[in-house]
Amino acid sequence: MTDTATAQAAKLLGRARRVVVFTGAGMSAESGVPTFRDALTGLWQRYDPQELATPEAFEADPALVWGWYEWRRAIVARAQPHPGHLAVAAIEAHVPHTLLVTQNVDDLHERAGSTDPLHLHGSLFASRCSACAHPAPTPPADDPTEGRRLPPPRCDRCSAPVRPGVVWFGEGLPQSALEAAAEAAASCEVLLTVGTSGLVYPAAEIPHVAARSGATVIQINPEPTPLDPVCEINLRGPAARVLPALVEAAWGDAG
Ligand code: BJW
Ligand code: ZN
């Protein structure tokens, strides 16, 4: 049975012509990909992810940081999109003016059939040279058990260490993606924010932009977040359950 909040959200979503879906790490949690702030395990448990995801950490200990990313790539390579990812792709199919904006560095949205998500924080699979930015192949990672220190490959142009193609703390986001996300947020009718703590800026500004521009912001998250006050509807629950229920209530299919 559909609860009142889901039914209200479905009504607004079903009528909207311009939608933004904004996702964070909680979107991938039920696929087995740990959220950014989840406790790290094994070799990584004594590190703070907020300290590893920095250019300073990579400069100080490239093997530590590259090994951490290789471990995470292995987890993502084994993971499969869940029904929530499929439901996001279904929203795109039902509402042609949907823009999917993700903070996630995995590729689960693409594998669920979403077309061209904007990756505000880059990708685990788009390595580049840390000195000259030349694109570099990302070696396949197949051991998700515990991870290990691993020296990064070297750039074939200038021999500097290759780095993950993600946005670390203190680095600028891809300007065109950020602008496109802000523009879509300013002109949408409904913004759906899913599985993000809303703590990391400037990405966390996107739902605020939508709210200020008069859009209805709907949040899907099992926990309260700093975004609660700008969300007209808070659906407290996991993405893999709530998103398909929302799509089903809006259009009569679960994605
Ligand atoms: C579920 C669930 C389920 C669980 N279903 N939900 C303004 C104010 C204060 C600070 C700043 C500011 N502006 C900038 C800053 C500094 C900094 C920042 O924001 N710091 C904060 C920590 C305070 N920002 C930056 O440094 C940014 N750069 C910048 O501003 O540069 C300035 C500059 C401009 C021009 C030139 C040069 C410089 C860059 C930020 C980059 C963030 N990168 C990371 C790492 C990417 C690579 C990697 O993954 O290793 O991106 S950090 C990390 O956080 C990652 C994520 O994309 C991002 C957001 O996290 P997210 O997705 O919200 O995940 P979690 O784990 O926080 O939350 C999970 C949520 O899911 C929770 O709410 C759960 O409840 C929920 N959940 N299960 C649904 N089943
Ligand atoms: Zn180079």
Side-chain angles (χ1 to χ4, degrees), residues 22-40 44 47-58 65-66 68-73 75-76 82-85 87-88 101-106 108 118-136 152-175 177-178 192-208 219-228 231 234-244 246:
F22 177 66
T23 65
M27 180 78 222
S28 301
E30 289 151 281
S31 290
V33 180
T35 66
F36 193 73
R37 278 157 193 81
D38 269 351
L40 300 182
W44 317 108
Y47 299 99
D48 175 356
Q50 230 157 287
E51 279 163 24
L52 284 180
T54 64
E56 292 79 15
F58 185 69
V65 175
W66 184 262
W68 182 48
Y69 280 95
E70 177 174 275
W71 173 69
R72 293 173 57 200
R73 281 204 314 275
I75 291 173
V76 169
H82 61 62
H85 291 102
V88 170
V101 179
T102 186
Q103 299 165 84
N104 296 346
V105 293
D106 63 50
L108 294 174
L118 286 183
H119 282 272
L120 292 182
H121 294 156
S123 161
L124 286 174
F125 305 99
S127 307
R128 65 172 191 271
C129 174
S130 59
C132 75
H134 184 58
R154 297 267 161 185
C155 172
D156 60 13
R157 284 215 177 149
C158 76
S159 300
V162 165
R163 60 161 283 176
V166 300
V167 182
W168 283 326
F169 285 111
E171 296 185 321
L173 275 61
Q175 196 55 34
L178 186 59
L192 208 52
T193 175
V194 187
T196 178
S197 60
L199 290 170
V200 176
Y201 281 81
E205 192 54 39
I206 298 298
H208 292 275
Q219 177 167 239
I220 299 176
N221 197 312
E223 304 293 334
T225 78
L227 295 173
D228 285 12
C231 297
N234 278 295
L235 303 175
R236 297 263 187 253
R241 176 172 60 74
V242 177
L243 274 164
L246 185 59

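Note that ligands are numbered from 1 as they come in the structure, with each ligand's atoms numbered from 1 the same way. Values below: every heavy atom of this structure, side chains too, minus hydrogens, waters and symmetry copies. Here the structure is a predicted model, which is why all the values come from computation and not from measurement.
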What are the two closest heavy atoms between [X] and [Y], and how far apart are they?
X      : Y      : answer
Gly198 : Pro226 : O-CG, 4.4 Å
Ala204 : Pro207 : O-CD, 3.2 Å
Ala239 : Ile220 : CA-CG2, 4.2 Å
Ile75  : Pro34  : CG2-CD, 4.1 Å
His82  : Ala240 : ND1-CB, 3.5 Å
Ala203 : His121 : CB-NE2, 3.9 Å

What is the closest protein heavy atom to [atom], and at what distance does it sit?
atom                    : result
atom 16 (C) of ligand 1 : Tyr201 O, 4.7 Å
atom 38 (C) of ligand 1 : Gly170 O, 3.2 Å
atom 54 (O) of ligand 1 : Val200 CG2, 3.4 Å
atom 57 (O) of ligand 1 : His121 ND1, 2.8 Å
atom 5 (N) of ligand 1  : Ala239 N, 3.0 Å
atom 73 (O) of ligand 1 : Asn221 ND2, 2.9 Å
atom 20 (N) of ligand 1 : Phe169 CE2, 3.9 Å
atom 41 (C) of ligand 1 : Val167 O, 3.4 Å

[X] side chain near [Y] side chain, heavy-atom distance below 4.5 Å:
X      : Y      : answer
Arg37  : Gln50  : yes
Val167 : Pro174 : yes
Arg241 : Pro83  : no

- Could you tell me whether atom 10 (C) of ligand 1 has a protein heavy atom closer than 4.0 Å?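 Not a single protein heavy atom is under 4.0 Å away.
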
- Kindly state if atom 3 (C) of ligand 1 has a protein heavy atom within a strict 4.0 Å cut-off, that is, under 4.0 Å? yes

- Contact between Gln50 and ligand 1, counting heavy atoms under 4.0 Å? yes

Checking contacts here: is it the side chain or the backbone of [X] that comes within 4.0 Å of ligand 1, counting heavy atoms only? Could be both or neither.
X      : answer
Leu52  : neither
Val105 : side chain
Glu30  : side chain
Val166 : side chain
Tyr69  : side chain
Ala25  : both

Check ligand 1 against [X] and write out every atom of the ligand that is under 4.0 Å from a heavy-atom position of the residue.
X      : answer
Gly24  : 62 (O)
Arg72  : 48 (C), 49 (O), 50 (O)
Pro222 : 1 (C), 2 (C), 5 (N), 6 (N), 77 (N), 79 (C)
Glu223 : 75 (O)

- Query: Would Thr196 and Thr225 count as a side chain to side chain contact (heavy atoms under 4.5 Å, CB included) if you check the C-alpha gap in whole Å, the side-chain angles of each, and the deciding distance to 0.1 Å?
  - Reply: CA-CA 8 Å; Thr196 178; Thr225 78; over 6 Å; no

Between the candidates [options], which shows the shortest non-hydrogen contact distance to [atom]?
atom                    : options                        : answer
atom 28 (N) of ligand 1 : Arg37, Glu171, Gln175          : Glu171
atom 61 (P) of ligand 1 : Thr193, Thr196, Asn104, Leu243 : Thr196
atom 69 (C) of ligand 1 : Ala29, Gly195, Gly122, Pro34   : Gly195
atom 37 (C) of ligand 1 : Pro164, Gly172, Pro226         : Gly172

- Query: Checking side chain to side chain contact (heavy atoms under 4.5 Å, CB included) for the pair Leu52/Tyr69: CA distance, chi angles, key distance, verdict?
  - Reply: CA-CA 10 Å; Leu52 284 180; Tyr69 280 95; over 6 Å; no

- Message: So, at under 2.8 Å, which protein N, O or S atoms would a careful student list around the Zn ion (ligand 2)?
- Response: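 You should have found Cys129 SG, Cys132 SG, Cys155 SG, Cys158 SG.
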
- Message: Are Tyr47 and Trp68 an aromatic pair, judged by ring center distance below 6.0 Å?
- Response: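 Judged by ring-centre distance (under 6.0 Å), Trp68 and Tyr47 do not meet the cut-off.
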
- Message: Ring of Trp66, cation from Arg154 - is the NZ or CZ under 6.0 Å from the centre and inside 45° of the axis?
- Response: no

- Message: For Arg163, is there an ion pair with Glu171 - N to carboxylate O distance below 4.0 angstrom?
- Response: yes

- Item | Reference residue Arg72; test side-chain contact (heavy atoms from CB on, under 4.5 Å); the match among Asp106, Val105, Val33, Val166 |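 Exactly one pass, corresponding to Val105.
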
- Task: Dump the intermediate steps for side chain to side chain contact (heavy atoms under 4.5 Å, CB included) on His134 and Asp156, then the final yes or no.
- Result: CA-CA 9 Å; His134 184 58; Asp156 60 13; 3.6 Å; yes

- Message: Let's go through Leu192 and Val88 carefully: what are the C-alpha distance in whole Å and the side-chain angles of both, what is the deciding distance for side chain to side chain contact (heavy atoms under 4.5 Å, CB included) to 0.1 Å, and is it a yes or a no?
- Response: CA-CA 10 Å; Leu192 208 52; Val88 170; over 6 Å; no

- Item | Spatial distance of atom CZ (Arg128) from atom SG (Cys132) [nearest 0.5 Å] |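 Arg128 atom CZ to Cys132 atom SG measures 10.5 Å (nearest 0.5 Å).
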
